[in-house]
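Residue numbers begin at 1 in each chain, while the letters A, B, ... track the order of the sequences. What's counted below: heavy atoms across the whole structure, side chains too, no hydrogens, waters or symmetry copies. As the structure is a prediction and not an experimental result, all values here were calculated from the model.
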There are 2 protein chains.
Amino acid sequence: MSAAVADDKPRNAQTVKALLKLREMVLNGELPPGERVAELSIVDRLGVSRTPIRMALVRLEEEGLVDCLATGGFVVREFSDQDIADSIELRGTMEGMAARRAAERRPDRAELAEIRDCVGNLDALIRRRELSMDDFSDYIRLNDRFHSLLVELAASAVLKRSIERILHLPFASPNAFVFVQSELPESREILSIAQEHHRSILEAIEHGEGGRAEALAREHSRIAQRNLQVALSNQQQRDRIPGASLIRQRERA
Amino acid sequence: MSAAVADDKPRNAQTVKALLKLREMVLNGELPPGERVAELSIVDRLGVSRTPIRMALVRLEEEGLVDCLATGGFVVREFSDQDIADSIELRGTMEGMAARRAAERRPDRAELAEIRDCVGNLDALIRRRELSMDDFSDYIRLNDRFHSLLVELAASAVLKRSIERILHLPFASPNAFVFVQSELPESREILSIAQEHHRSILEAIEHGEGGRAEALAREHSRIAQRNLQVALSNQQQRDRIPGASLIRQRERA
DNA sequence: CCCTCGATTTTTGTATCCAATACCGGTTTT
DNA sequence: AAAACCGGTATTGGATACAAAAATCGAGGG
C-alpha cells in the first residue's frame, strides 16, 4: 500500500517557491513597477539562494511580468491600462477560438458532463436571493472552472498553453474584477448576463455552432472590459492619479 | 565620434548562445523529440557551463519546445501534426485580432508607409516571369516583414509578445512551408492568392474595416494550413510512417 | 525466464565562488 | 558652477562545488 501522504516535496521546491512568491510580490505591488529587482535583496527576503531566484526571474520575464534590462538584471514591468485591456481582449479572442474549436469537435455527452455540471451549479448559485461573500468566492471558483473546462474542450495543447500563460498577466484572469461587481448595485444583473453567456456558449457547443460559440465567448470577455472601466473610474475618483495601478483595489478581493 | 564598432558583446553572451543553439538543435531534430536533454551532454557540445544551459532550457520550456519532467530535467517536446495545425490556427487567430485592431486604430499615412512599401515590393516580386531560389528567399523576407508590420500596426505590446512567442514553435512561422510551395506546379498561383490577401488586408486596414481585416488575416493563415497538408502527404508518400516529423523536409528550406 | 532488490553511477537542484562591469559619489578641471 | 573624470562598491553572469534524488545495471530469487 502506498504510504505517501500529501508530503509532495517537488524536486525543485526552492525554485517554485521563488517563482510563486516573486509573482505574488509583483502582482500585489510589493515590488513596484519600474523597480529593479536586485537578486540579493530577494535572497534575504525569501531565504533561498540566488540560483532559484534567477530561474524564477527568467520565467517571469517570459511571462511578461518583468523585463530584462539591457545592462543586465530585471525590472518590474509597468502595465498600462491599455495593456490590461489588451490582455483581456486577447484572452477573449483565444477563448473564442477555444469555444469554436470545442463546438466543431462535437464532443459527446460524457465530455460535456463536467461543464454542464459547472453551469448547473452556477445557475443554482445565481438563483439565491442574497449573495454573501462566500457566494462570491464560490462564484469565482465555478467561473474559473467553466473557463478551464472550455479550454479543455477545445482539446488543443498549444491553445491551452497560450491561454494559461496570459492568465498570469495582471488582471487578465476571468474573475480579476469580480470584486468590483460585488460592490456594484447592478451586481446581480451583471452576474445574470455572464451566466446567460455561459449557458449559451455551452448550448452553441452542444449544437456544434462554432461561429456562435466564438462570438459569444468574445462577447463574454466584454464584461471583464466593462469591469475594468468601472474599476479605473472608481480609482480615478478616489485619488486623482489617472493611469495609476489598480493594486490597492485588488487587495480587497 | 563614436568609436564603438559592432563589437556588441552582450553581457549574457553565453546564455543567448545556448538559447539559440539549443533552439536550433531542437528544431532541426538534432535533439529528437522525446529525448531527455542531459545538461552535461550539452556542456561538452556547446562549451559553456551548466548555468547558461539551464537558463536557456527554462526559456525553451516557457516557449513550449521542451517539457519539464516531473522527476526533474527536460525532454524535447513531441509535436503532433495536430499541434502544428493548432499553432497555425492560433497564429491566424491572433493575427486576425492584430489586423482588426490595426484597422480600428485608423493609422495615418505615415504609419502605413512601411507596410505599403512592403506590399508594393511583394507585388513587384510576384510579377517576375520566373521565380528563382533567390526570389523565394526575398519573398520569405518580405512576407515576414509584412506580418511583423501588421502586428506592429496593432500597437499592442501584449499581443505582439504573444504572437512572437508562438512563432518560435515548430512550423508556426508564416513562411515555414513556403519551401513546399516552391516545388509545387501551382506555386505561382498560391503566391498570387497570398499576395491578394496581403493587399486586401492592407486595404481593409486603410478603410478602417476591422471585421474584414480580421476575416482576411484568418483566411490568409489557411494557406499555411494547406501547405502543411501538402507537406504531410508528401512525406507520407515518401516514407510510410504516418505522423512522423517534418524535419527532413525542412532542412531543404 | 522474468521480476525484484540493491549498489553504483549519473544527473539534477541548489549554494557558493569568481571575474567583469555597471552604478554612485566625490573630485578635479575648465 | 557645470561637466567630465575617476575610484570604490555593488551587482550581475558564468563556473564550479556539493548533496540528494534518480536512472542504470547486475545479482539473486521466484
Think [X] has a side-chain N or O under 4.0 angstrom from the OP1 or OP2 of [N]?
{"X": "A:T51", "N": "C:dT14", "answer": "no"}
{"X": "B:T71", "N": "D:dA23", "answer": "yes"}
{"X": "A:R50", "N": "C:dA15", "answer": "no"}

Given atom [atom1] of [X] and atom [atom2] of [N], what is their separation to the nearest angstrom?
{"X": "B:L40", "N": "D:dA17", "atom1": "CG", "atom2": "C1'", "result": "13 Å"}
{"X": "B:I42", "N": "C:dT11", "atom1": "CD1", "atom2": "C1'", "result": "13 Å"}
{"X": "B:Q14", "N": "D:dT12", "atom1": "CD", "atom2": "P", "result": "19 Å"}
{"X": "B:D44", "N": "C:dT11", "atom1": "CG", "atom2": "P", "result": "10 Å"}
{"X": "B:N12", "N": "C:dT21", "atom1": "CG", "atom2": "P", "result": "13 Å"}
{"X": "A:M55", "N": "D:dG14", "atom1": "CE", "atom2": "C1'", "result": "14 Å"}
{"X": "B:L57", "N": "C:dT11", "atom1": "CG", "atom2": "C1'", "result": "13 Å"}
{"X": "A:L69", "N": "C:dC23", "atom1": "CG", "atom2": "P", "result": "8 Å"}

Heavy-atom pair of closest approach, residues A:R77 and A:P33: O-CB, 3.8 Å
Residue A:E39, side-chain atoms from C-beta onward, closest of D:dT12, C:dT16, C:dT12: D:dT12
Selected nucleotide, minimal atom distance to A:A38 side chain, candidates C:dT12, D:dA15, D:dT12: D:dT12
Interatomic spacing from CG in B:L153 to OG in B:S148 - rounded to 0.5 Å: 11.0 Å
B:H220 and B:H147 aromatic ring geometry - parallel, tilted or perpendicular at 30°/60° bounds: parallel
Sugar-phosphate only, base, or nothing, as touched by A:V37 at under 4.0 Å among non-hydrogen atoms: sugar-phosphate
Whichever of B:F74 and A:R36 has its nearest DNA chain C nucleotide further upstream toward 5': B:F74
Residue closer to the 5' end of DNA chain C, B:R11 versus B:G72 (nearest nucleotide): B:G72
Under 3.5 Å donor-acceptor, B:N175 side chain and B:I140 backbone: yes
Pair B:R165 + B:E62, salt bridge at N-O below 4.0 Å: no
